[in-house]
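Inspection log for the structure reproduced underneath, given as structure tokens.
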Amino acid sequence: MCEYNRVVFICKENLNQSPMAEWIFRSIIMDTDKKIESRGLVVLFPEPLNSKVSGVLRTHAVPCLEQSSRQLEEADFVEGTLFITMNSVEKIKIAEDYGVTENVFTLKEFVEEEGEVIDPYGGDEEGYENLYIQLKDLLYKVKTVLNWK
């Protein structure tokens with residue numbers, strides 16, 4: 001496996017799953033030399049983080065800064081970067097739109113599990129809480145696979 005020094009979490013619009021994954025992962029990684037970011041595949045204009053995402057993160061004392069959604073770009077594809085999507089459709093879109101398949105995994109695939117990460121978009125706070133629980137569990141496994149501090 002490649003030696004990664006950067007992880008980019010990716011979801012469709014960079015408003016729900018990938019920013020939540022970014023901030024949870026930032027909170028569990030102690031190595032400040034590692035770069036952790038999130039991007040979207042379809043960001044028509046910058047939008048603020050979903051308030052339900054920031055609410056759940058605050059409830060769990062996960063620090064997060066106000067940020068706007070960001071589009072995945074060609075410039076993001078640099079050596080030493082691991083790209084983690086929330087589902088297989090997003091992984092396929094990266095291959096189709098950017099011609100990149102190396103170092104791109106779904107979150108569950110990377111930790112050798114089956115299935116997709118839930119998408120609570122349009123749901124209530126309970127759906128976002130369930131996303132938090134699922135992501136936290138999976139991201140501790142990512143930390144172990146990467147052997148990061």
Side-chain angles (χ1 to χ4, degrees), residues 1-29 31 33-54 56-57 60 62 64-65 67-124 126-149:
M1 182 186 325
C2 174
E3 181 68 30
Y4 299 109
N5 57 21
R6 178 176 174 240
V7 174
V8 178
F9 294 101
I10 300 164
C11 69
K12 183 178 178 186
E13 296 170 326
N14 193 220
L15 297 174
N16 297 300
Q17 299 155 303
S18 62
M20 186 182 283
E22 172 187 354
W23 291 105
I24 294 169
F25 203 52
R26 283 177 181 230
S27 75
I28 63 176
I29 297 300
D31 187 344
D33 290 335
K34 306 298 185 189
K35 194 165 186 177
I36 302 162
E37 303 173 53
S38 65
R39 298 286 188 276
L41 295 174
V42 184
V43 179
L44 302 177
F45 54 89
E47 293 184 66
L49 183 63
N50 182 311
S51 62
K52 291 177 185 173
V53 169
S54 56
V56 167
L57 292 173
H60 292 280
V62 174
C64 70
L65 302 174
Q67 68 182 40
S68 295
S69 55
R70 290 185 58 191
Q71 175 71 37
L72 182 67
E73 299 174 344
E74 292 282 343
D76 287 313
F77 295 95
V78 296
E79 188 175 332
T81 303
L82 170 64
F83 297 92
I84 297 181
T85 67
M86 301 297 120
N87 61 55
S88 55
V89 171
E90 294 157 354
K91 180 181 174 182
I92 291 167
K93 184 155 177 58
I94 291 172
E96 291 173 346
D97 291 358
Y98 299 94
V100 176
T101 57
E102 189 174 334
N103 302 324
V104 180
F105 301 88
T106 69
L107 180 51
K108 288 195 171 188
E109 172 188 28
F110 190 73
V111 297
E112 299 182 347
E113 289 188 14
E114 298 289 323
E116 313 281 6
V117 173
I118 59 173
D119 184 357
Y121 180 74
D124 60 13
E126 184 179 352
Y128 287 85
E129 176 67 21
N130 290 336
L131 173 62
Y132 173 85
I133 292 166
Q134 181 183 37
L135 286 175
K136 184 177 177 187
D137 178 57
L138 291 166
L139 293 170
Y140 270 102
K141 292 175 183 177
V142 169
K143 178 182 177 181
T144 300
V145 171
L146 289 172
N147 197 27
W148 284 9
K149 298 176 194 170

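Note that these values count all heavy atoms, side chains included, but never hydrogens, waters or copies made by symmetry.
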A side-chain contact here means heavy atoms from C-beta on lying under 4.5 Å apart; do [X] and [Y] qualify?
X	Y	answer
Ile94	Thr85	yes
Cys64	Leu49	yes
Ser38	Ser69	no
Gln134	Lys108	yes
Leu131	Val53	no
Met20	Leu57	yes
Leu146	Val7	yes

Determine the minimum heavy-atom distance between [X] and [Y], stating which atoms define it.
X	Y	result
Val111	Lys141	CG1-CB, 3.6 Å
Leu139	Phe25	O-CE1, 3.5 Å
Pro19	Leu15	CG-C, 3.6 Å
Lys52	Gly123	NZ-O, 2.5 Å
Cys11	Ser18	SG-OG, 3.0 Å
Leu41	Ile10	CG-CG2, 3.7 Å

About how many Å separate [atom2] of [Y] and [atom1] of [X], when rounded to the nearest 0.5 Å?
X	Y	atom1	atom2	value
Asn16	Glu13	CG	CD	8.0 Å
Lys91	Ile84	NZ	CD1	11.5 Å
Leu72	Glu37	CG	CD	10.5 Å
Asn5	Ile36	CG	CD1	11.0 Å
Ile92	Thr106	CD1	OG1	10.5 Å
Ile28	Trp148	CD1	CH2	10.5 Å

>> Quick check on side-chain hydrogen bond (donor to acceptor under 3.5 Å, both in side chains): which of Asn103, Thr81, Asn147 does Tyr4 satisfy it with?
In response: Asn103
Would one find more than 12 heavy atoms of other residues, nucleotides or ligands at under 6.0 Å from atom [atom1] of [X]?
X	atom1	result
Lys143	NZ	yes
Lys93	NZ	no
Arg6	CZ	yes

> When the ring planes of Tyr132 and His60 are compared, do they come out parallel, tilted or perpendicular, using 30° and 60° as the limits?
Replying inline: parallel
> Are Tyr98 and Asp76 close enough that a side-chain donor and a side-chain acceptor fall under 3.5 Å?
Replying inline: no
> Is the Phe9 to Phe83 ring centre distance short of 6.0 Å?
Replying inline: no
>> With side-chain contact (heavy atoms from CB on, under 4.5 Å) as the criterion, how do Ile29 and Lys149 come out once you've worked through the C-alpha distance, each side chain's angles and the decisive distance to 0.1 Å?
In response: CA-CA 6 Å; Ile29 297 300; Lys149 298 176 194 170; over 6 Å; no
>> Donor-acceptor pair, distance only, cut-off 3.5 Å: does the side chain of Gln71 make one with the backbone of Val43?
In response: yes
> Does Gln17 reach the main-chain N or O of Ile118 with its side chain, forming a donor-acceptor pair under 3.5 Å?
Replying inline: yes
>> One pair to check against side-chain contact (heavy atoms from CB on, under 4.5 Å): Glu90 and Lys12. What are the steps and the verdict?
In response: CA-CA 7 Å; Glu90 294 157 354; Lys12 183 178 178 186; 4.2 Å; yes
> Does Tyr121 have any ring pair (Phe, Tyr, Trp, His ring centres under 6.0 Å) partners at least two apart in sequence or in another chain, and if so, which?
Replying inline: none
